[in-house]
Amino acid sequence: MNMRGQVSNELLVVVGFILLLFIPLMFVMYLKLGDVNNDLSLLQMHFSAARIAYLINAIGYMGEGSAIITEIYVPENIKRVSFNPNEVVFTANVRGADNDVVQPTSFRISSSGDITRPGRYRIELVNTGAGVSVEIASSEEITA
């Protein structure tokens with residue numbers, strides 16, 4: 001009796017069932033990957049905004065002349081990081097709409113400009129007596 005043909009047919013059926021289950025699973029994982037990246041960007045924005053606001057308050061309470069330099073990460077889908085008079089605002093395009101992450105501060109903020117590109121930024125915070133000055137000391141921008 002020749003059994004080689006039967007074994008290869010059974011193997012093809014098993015491989016076919018595995019592929020039948022595996023391909024839709026990979027497709028679903030591919031679709032969810034975009035959501036994971038968006039959620040990670042939002043978490044990074046929340047962390048960076050909270051860190052800056054916390055340090056602004058700390059420097060403000062320490063008194064005039066106190067200063068600190070910190071490093072933050074601005075995620076890929078960022079549109080703008082702005083420093084309003086009493087707020088740190090991160091604006092990003094997430095899921096096709098602009099989303100703001102806002103952290104209030106107890107001290108007035110003055111800034112020379114906004115951050116409009118993703119990357120790592122070194123930020124200097126200085127208590128000027130009238131509030132806290134935010135200066136972007138250096139950056140390592142992410143190039144696409």
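By the side-chain contact (heavy atoms from CB on, under 4.5 Å) test, S110 pairs with S133, sequence neighbours left out. For D39, the salt bridge (Lys or Arg N to Asp or Glu O under 4.0 Å) criterion is met by R95, not counting sequence neighbours. N77 pairs by the side-chain contact (heavy atoms from CB on, under 4.5 Å) definition with N38, S41, P75, A92, V94, not counting sequence neighbours. For D114, there are no side-chain hydrogen bond (donor to acceptor under 3.5 Å, both in side chains) partners two or more places apart in sequence or in a different chain. Under the side-chain hydrogen bond (donor to acceptor under 3.5 Å, both in side chains) criterion, S111 pairs with no residue at all, not counting sequence neighbours. The side-chain hydrogen bond (donor to acceptor under 3.5 Å, both in side chains) test applied to E124 returns no partner, not counting sequence neighbours. For the side-chain hydrogen bond (donor to acceptor under 3.5 Å, both in side chains) test, no residue two or more places apart in sequence or in another chain qualifies with S82.
Between N86 atom CG and R108 atom CZ the span is 6.5 Å, to the nearest 0.5 Å. Annotation: the span from M45 atom CE to D100 atom CG amounts to 8.0 Å, rounded to 0.5 Å. Atom CD of residue Q44 and atom CD of residue E76 lie 9.0 Å apart, to the nearest 0.5 angstrom. In this structure, I56 CD1 and I68 CD1 are separated by 11.5 Å, a value rounded to the nearest 0.5 Å.
Aromatic rings of Y61 and F107 (six-membered ring for Trp) have centroids within the 6.0 Å cut-off, being under it.
For residues 79-100, there are no ring pair (Phe, Tyr, Trp, His ring centres under 6.0 Å) pairs, not counting sequence neighbours. For residues 48-58, every residue pair satisfying the side-chain hydrogen bond (donor to acceptor under 3.5 Å, both in side chains) rule, not counting sequence neighbours, is listed here: R51-T70.
In this structure, L21 shares a hydrophobic cluster with no other residue, the cluster being traced through Ile, Leu, Val, Met, Phe, Trp and Tyr side chains under 4.5 angstrom apart. With a 4.5 Å cut-off between side-chain heavy atoms of Ile, Leu, Val, Met, Phe, Trp and Tyr, the cluster of V102 takes in V89. Side-chain heavy-atom separations under 4.5 angstrom define the hydrophobic clusters, and the remaining members of the one that includes L20 are V13, F17.
In this structure the side chain of V134 never reaches within 4.5 angstrom of the side chain of V126, judged on heavy atoms. Here the side chains of I72 and I52 are in contact, with some heavy-atom distance below 4.5 Å. In this structure the side chain of I69 reaches within 4.5 angstrom of the side chain of R122, judged on heavy atoms. Taking 4.5 Å as the limit, every side-chain heavy atom of E87 sits out of range of all side-chain heavy atoms of Q103.
The two atoms that bring R117 and I78 nearest to each other are C-CG2, 3.9 Å, heavy atoms only. Closest approach of V101 to A49, counting heavy atoms only: CG1-CB, 4.1 Å.
With 3.5 Å as the limit, one finds no donor-acceptor pair spanning the side chains of T91 and D98.
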task: Would you check, one step at a time, whether the test side chain to side chain contact (heavy atoms under 4.5 Å, CB included) holds for V132 with L55?
output: CA-CA 10 Å; V132 177; L55 290 173; over 6 Å; no
message: One pair to check against side chain to side chain contact (heavy atoms under 4.5 Å, CB included): N84 and I109. What are the steps and the verdict?
response: CA-CA 7 Å; N84 297 338; I109 303 170; over 6 Å; no
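The backbone N or O of G60 sits less than 3.5 Å from a side-chain atom of N127, completing a donor-acceptor pair.
The hydrophobic cluster containing L40 does not contain Y73, counting ILVMFWY residues as joined when their side-chain heavy atoms lie under 4.5 angstrom apart, directly or transitively.
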